[in-house]
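Reviewing the structure listed below.
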Amino acid sequence: MSPTTAVGPVLPAWAEVDLDALAHNVGVLRDRAPGADLMAVVKADAYGHGLVPVARTAVAAGAAWLGVAQLAEAVALRDAGLTAPVLSWLSVPGSDFAGAVRRDVDLSASAPWALDEIAAAARAEGRTARVHLKVDSGLGRGGAYGQDWTALVRHARPLEAEGVVRVVGVWTHFAFADAPDHPTVLAQQERFFEAAAEAEREGCRPEVRHLANSAATLVHPAAHADLVRPGLALYGLSPVPQVDDDFGLRPVMTLRARLALVKGLPAGQGVSYGHAYVTPGDTVVGLVPAGYGDGVPRNATNVGPVLVGDHRTTVAGRVCMDQFVVDLGPDSTARAGDVVTLFGGAPGEPTAQQWADATGTISYEIVTRIGPRVPRVVIGSHAGSDAGSDAGSPAGEVPAP
Ligand SMILES: *Cc1c(COP(=O)(O)O)cnc(C)c1O
């Protein structure tokens, strides 16, 4: 079932990362946006899946670009030897822009201070910084809004003339891409193309205009522009779960554990802290060694779906820091050591979306919050090559927790 017993230590809990599924999903997304290049968004440790193996596999599968939020994530990609264009889009004043310019990392600017700091770094490095100007087309988050956009573009032009900055991209981000009929989608798109045209009128010559996240890549072709920026869908999860279509995506992460204990409890026994669950009859319970210290949401108490063998059950009682309990029913033949699946993609397995629905969040958060105590075990034919795990271990080998 898992490669974890073949080599390496037996683990209490682990996340299998299926790099073949990831490569497949890159193909699905490229097919949806045939006229655009694809930037694989690998921020936040590739949504919890493992930055470097995911990035390598995505590039091997045809992603021309990589996208991250923080500079340190871009540096980690370069340090791992990835040479594809990388865009880092979220920095604060005083960031190490010189380190980014030296490593050929593309930078986003939403305000003049960012252009000034990037230009200073480029002068110090004796290089030209590659910059993507970000317009706030209506998300009300990052980007230059309204007249600030004109000012940002005009601030960039002399720096381009000096040769320290080159505006290689113009970009924005949607507020409601997951609601394809929402009127803001069209309004943001119009504002974006108008802003891009203004930048060109002012003399900028961007290589790429980009605005589509996963949802827009899948359901909003008019927003594909030159480059699409999917994140969630790469990992096989739907950004539009209300739409009855999985787009042929395959979930990449499967979170598993082994039962640490199986025992009988009598009817009426409270289970776990606060006795939030009480056994309805004599039963058998199993102890699952994963808790909120591993990223299992505490509010999965009494609602998180779990598969034990072919028996579908639910978290029984509070999720604790390191563990939770499942009620296996009176006739269970489960034994300590049996494999438990919290979520995955195979038939019968609960999904990250079901965990999100049960806990009042989105699937993004379910996978991204799986913590560093849970080893990522890469599987699939991409796993053994230089797409292998962060630790550089061979296929299926379990890095030490
Ligand atoms: C996270 C992020 C994406 C990817 O979003 P998904 O909904 O996961 O596809 C794209 N662009 C920006 C700016 C982001 O922050």
Side-chain angles (χ1 to χ4, degrees), residues 22 25-26 28-30 32-33 36-49 51 54-55 58 63-74 77 85-91 105-110 114 131-145 169-180 182 184-185 188-189 192 195 208-221 223-243 246-247 249 251-253 352-353 356 361-369:
L22 180 84
N25 297 335
V26 171
V28 168
L29 290 157
R30 290 186 74 203
R32 299 291 292 205
D37 275 339
L38 186 143
M39 174 188 287
V41 176
V42 294
K43 63 191 181 187
D45 201 27
Y47 292 42
H49 293 65
L51 176 70
V54 163
W65 290 69
L66 297 166
V68 294
Q70 299 188 357
L71 277 182
E73 301 175 306
L77 290 169
V86 175
L87 172 61
S88 167
W89 54 67
L90 194 57
S91 300
V105 171
D106 288 19
L107 296 163
S108 175
S110 292
V131 172
H132 299 236
L133 298 181
K134 185 169 193 186
V135 55
D136 183 349
S137 59
L139 172 58
R141 200 178 69 177
Y145 192 88
V170 171
W171 72 299
T172 195
H173 196 46
F174 282 115
F176 281 95
D178 56 340
H182 200 277
T184 58
V185 175
Q188 282 197 257
Q189 194 180 295
F192 173 68
V208 283
R209 298 161 304 158
H210 50 105
L211 65 166
N213 59 3
S214 292
T217 303
L218 289 169
V219 302
H220 203 59
H224 288 167
D226 304 314
L227 179 65
V228 294
R229 298 193 311 267
L232 189 75
L234 292 175
Y235 308 103
L237 302 173
S238 175
V240 285
Q242 74 282 11
V243 173
D246 67 7
F247 306 100
L249 298 168
V252 174
M253 183 189 289
Q353 185 60 45
T361 185
I362 52 178
S363 61
Y364 295 73
E365 190 179 6
I366 297 297
V367 291
T368 304
R369 285 183 58 166

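Please read these numbers as outputs of a predicted model, since none were measured by experiment. All values below come from the heavy atoms of this structure, side chains included, with hydrogens, waters and symmetry mates left out. Whatever order the structure lists them in is the order used to number ligands and atoms, beginning at 1.
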- Item | Nearest-0.5 Å distance, CG of residue Leu107 to CG of residue Leu87 | 7.5 Å

- Task: Give the residue and atom name of whichever protein heavy atom lies nearest to atom 12 (C) of ligand 1, and the separation in Å to one decimal.
- Result: His173 CE1, 3.3 Å

- Who's closest to atom 11 (N) of ligand 1 heavy-atom-wise, of Arg229, Arg141, Lys134? Arg229

- Task: May I ask you to identify, for Tyr235, whether its side chain, its backbone, both or neither come under 4.0 Å of ligand 1 on a heavy-atom basis?
- Result: neither

- Message: Against ligand 1, does Pro230 come closer than 4.0 Å with any heavy atom?
- Response: yes

- Which residue and heavy atom of the protein sit nearest atom 13 (C) of ligand 1, plus the separation: Trp171 CZ3, 3.4 Å

- In terms of ring plane angle, is the pair Trp89 and Trp171 parallel, tilted or perpendicular, where the classes change at 30° and 60°? tilted

- Query: So, Arg229 side chain and Met39 main chain: donor-acceptor pair closer than 3.5 Å or not?
  - Reply: no

- Could you give the distance from CZ (Phe247) to CG (Leu237), rounded to the nearest 0.5 Å? 12.5 Å

- Does a side-chain heavy-atom distance below 4.5 Å link Phe192 with Arg209? yes

- Query: Tell me: protein heavy atom nearest atom 2 (C) of ligand 1, and distance?
  - Reply: Lys43 NZ, 2.5 Å

- Query: For atom 7 (O) of ligand 1, which protein heavy atom lies nearest, and how many Å away is it?
  - Reply: Tyr364 OH, 2.6 Å

- Message: Starting from atom 8 (O) of ligand 1, what is the nearest protein heavy atom, named by residue and atom, and what distance separates them?
- Response: Tyr47 OH, 2.5 Å

- Message: How far is atom 9 (O) of ligand 1 from the closest protein heavy atom, and which atom is that?
- Response: Ser214 OG, 2.5 Å

- Query: Of all the atoms in ligand 1, which lie at a distance below 4.0 Å from a heavy atom belonging to Leu232?
  - Reply: 6 (P), 8 (O), 9 (O)

- Message: Taking the six-membered ring for Trp, are Trp65 and His132 closer than 6.0 Å centroid to centroid?
- Response: yes

- Message: Between Val42 and Leu77, is there a side-chain heavy-atom distance shorter than 4.5 Å?
- Response: yes

